[in-house]
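Quick caveat: nothing in here was measured; it's all calculated off a predicted structure. Any value given below was found using the heavy atoms of this structure, including those in side chains, with hydrogens, waters and symmetry copies removed.
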Amino acid sequence: MRLRLPVDEESAWATVRDHLVARFGDAIGAGRVDAMFREGRFVGVDGPVGAAEPYAAGRYLWFHRDFAAEEPVPFGIGIVYRDERIVVADKPHFLATTPRGRHITDTALARLRRDLGLPALQPAHRLDRLTAGLTLFVVRAGDRGAYQTLFRDRLVRKEYEAVAPYDPAVALPVTVRSRIEKERGVLAAREVPGEPNSESRIERVERRGGFGRYRLSPATGRTHQLRVHMNRLGLPILNDPVYPVVRAEDPDDYGSPLQLLAKVLEFTDPVTGEPHRFESRLALSRWPRSQ
């Protein structure tokens with residue numbers, strides 16, 4: 001993290017340590033601040049910063065924050081395709097694509113960087129933490145914009161698979177369009193009046209008792225879009241902890257993953273012009289018995 005030392009209007013901080021204890025002492029304790037100084041964790045443009053150095057407003061400092069312990073997600077990440085430009089990975093349920101919220105150190109990006117020896121690897125798009133399946137990463141930083149543009153300009157054909165209730169009253173296939181908004185800090189996205197900003201094609205592929213297997217083809221990529229649209233139809237995706245009702249944020253139940261899988265990615269490579277079609281090697285859990 002980077003921080004800029006603010007103006008000390010009351011001359012309260014004689015040293016850099018004085019300010020950092022005042023700033024972070026309540027959160028981590030003065031003893032931890034002192035330990036970070038001893039470990040050389042606070043760094044300026046010229047190197048490590050000592051606790052006794054005079055305070056100077058406007059000075060920039062960098063430090064690595066301590067992360068809370070995370071329970072590793074007990075599922076591996078598969079490699080569907082790899083060349084000198086891209087990596088297509090099969091992300092498991094519960095694994096975040098990139099650091100976010102309380103999921104920082106155990107992410108698909110961190111694992112792939114480490115396991116493949118690709119420290120500059122970056123995602124071209126993001127897949128919800130609870131959704132499994134195909135995720136595209138870019139090997140070279142200079143190529144990232146070209147692949148991100150594919151998703152921005154809707155030049156990637158995406159196909160998902162889901163398990164949800166069967167309702168003979170719901171006429172399928174159907175294309176659902178609506179305006180979806182997602183507020184920061186609020187788990188559930190919501191549909192609101194206004195110009196549609198999301199579109200999904202919903203088809204039923206198979207039925208087993210009270211459940212169906214569905215093919216979902218999003219034309220846009222709003223947060224939670226497919227989950228919102230399935231819920232709108234009265235067909236909430238099996239094991240969804242947010243739709244139709246937000247459940248308490250209990251520890252992840254690895255035995256009951258959200259039954260949503262990013263199954264297909266299809267696009268023309270923006271660098272080589274080569275057509276690509278990738279299909280996930282993962283499969284959704286066995287269908288539950290109809291109640």
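Taking every heavy atom of both residues into account, Phe137 and Ala89 meet most closely at CE1-CB, 4.1 Å. Considering every non-hydrogen atom in both Tyr243 and Leu187, the closest pair reads OH-O, 4.2 Å.
Residues Asp8 and Ser11 have side chains that never bring a donor and an acceptor to within less than 3.5 angstrom of each other. Residues Ser178 and Glu191 bring a donor and an acceptor atom of their side chains to less than 3.5 Å of each other. With hydrogens and angles left out, the side-chain atoms of Thr175 and Glu199 include no donor and acceptor closer than 3.5 Å. With hydrogens and angles left out, the side-chain atoms of Thr268 and Glu274 include no donor and acceptor closer than 3.5 Å.
The shortest distance between side-chain heavy atoms of Val138 and Val87 does not fall below 4.5 Å. Side chains of Arg201 and Val174 form no contact here, defined as non-hydrogen atoms less than 4.5 Å apart. With a 4.5 Å cut-off on side-chain heavy atoms, Leu235 and Asp167 count as touching. Leu136 is listed as a side-chain neighbour of His125, based on a closest heavy-atom distance under 4.5 Å. Within the 4.5 Å cutoff, side-chain heavy atoms of Tyr214 are placed close to those of Leu172. At least one side-chain heavy atom of Phe63 sits under 4.5 Å from a side-chain heavy atom of Phe24. A heavy-atom distance below 4.5 Å is found between the side chains of Leu112 and Ile79. Here the side chains of Phe267 and Arg157 are not in contact, with every heavy-atom distance at 4.5 Å or above.
Side-chain atoms of Glu39 never come within 3.5 Å of backbone atoms of Met36 as a donor-acceptor pair (strictly under, hydrogens ignored). One N or O on the side chain of Arg144 and one on the backbone of Pro123 form a donor-acceptor pair closer than 3.5 Å. With hydrogens and angles ignored, the 3.5 Å screen pairs a side-chain donor or acceptor of Lys91 with a backbone N or O of Thr131.
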Item to check | Step-by-step side chain to side chain contact (heavy atoms under 4.5 Å, CB included) determination, Arg207 to Tyr166 | outcome: CA-CA 7 Å; Arg207 173 198 172 189; Tyr166 167 74; 3.4 Å; yes
Checklist entry - How far apart are the C-alpha atoms of Leu134 and Tyr160, what are their side-chain angles, what is the distance that settles it, and do they pass the side chain to side chain contact (heavy atoms under 4.5 Å, CB included) test? => result CA-CA 10 Å; Leu134 298 177; Tyr160 290 69; over 6 Å; no
Checklist entry - Does the pair Arg177 and Glu195 meet the rule for a salt bridge (Lys or Arg N to Asp or Glu O under 4.0 Å), with working shown? => result CA-CA 9 Å; Arg177 299 180 182 89; Glu195 183 71 20; over 6 Å; no
Checklist entry - For Tyr81 and His276, what are the C-alpha separation, side-chain angles and deciding distance, and is it a side chain to side chain donor-acceptor pair (under 3.5 Å)? => result CA-CA 10 Å; Tyr81 177 82; His276 286 302; 4.7 Å; no
Checklist entry - What do the steps show when you test Glu53 against Thr15 for side chain to side chain donor-acceptor pair (under 3.5 Å), and what is the final call? => result CA-CA 5 Å; Glu53 290 189 27; Thr15 66; over 6 Å; no
Next on the checklist: Is there a side chain to side chain contact (heavy atoms under 4.5 Å, CB included) between Leu118 and Arg82? Walk through the geometry before answering.
Outcome noted: CA-CA 12 Å; Leu118 297 173; Arg82 177 184 179 183; 4.0 Å; yes
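To the nearest 0.5 Å, atom CG of residue Leu258 and atom CG of residue Leu238 are 8.5 Å apart. Taken from CG in Asp34 to CZ in Arg17, the straight-line distance is 4.0 Å, to the nearest 0.5 Å. Between Arg126 atom CZ and Thr135 atom OG1 the span is 11.0 Å, to the nearest 0.5 Å. Rounding to the nearest 0.5 angstrom, the gap separating the CZ atom in Arg222 from the NZ atom in Lys182 is 12.0 Å. If you take CG on Leu127 and NE2 on His93, they are separated by 9.0 Å, rounding to the nearest 0.5 Å. Distance CG/Asn239 to CG/Leu130: 10.5 Å, rounded to 0.5 Å.
Under 4.0 Å is where a charged nitrogen must lie from a carboxylate oxygen, and between Arg204 and Glu206 no such pair does.
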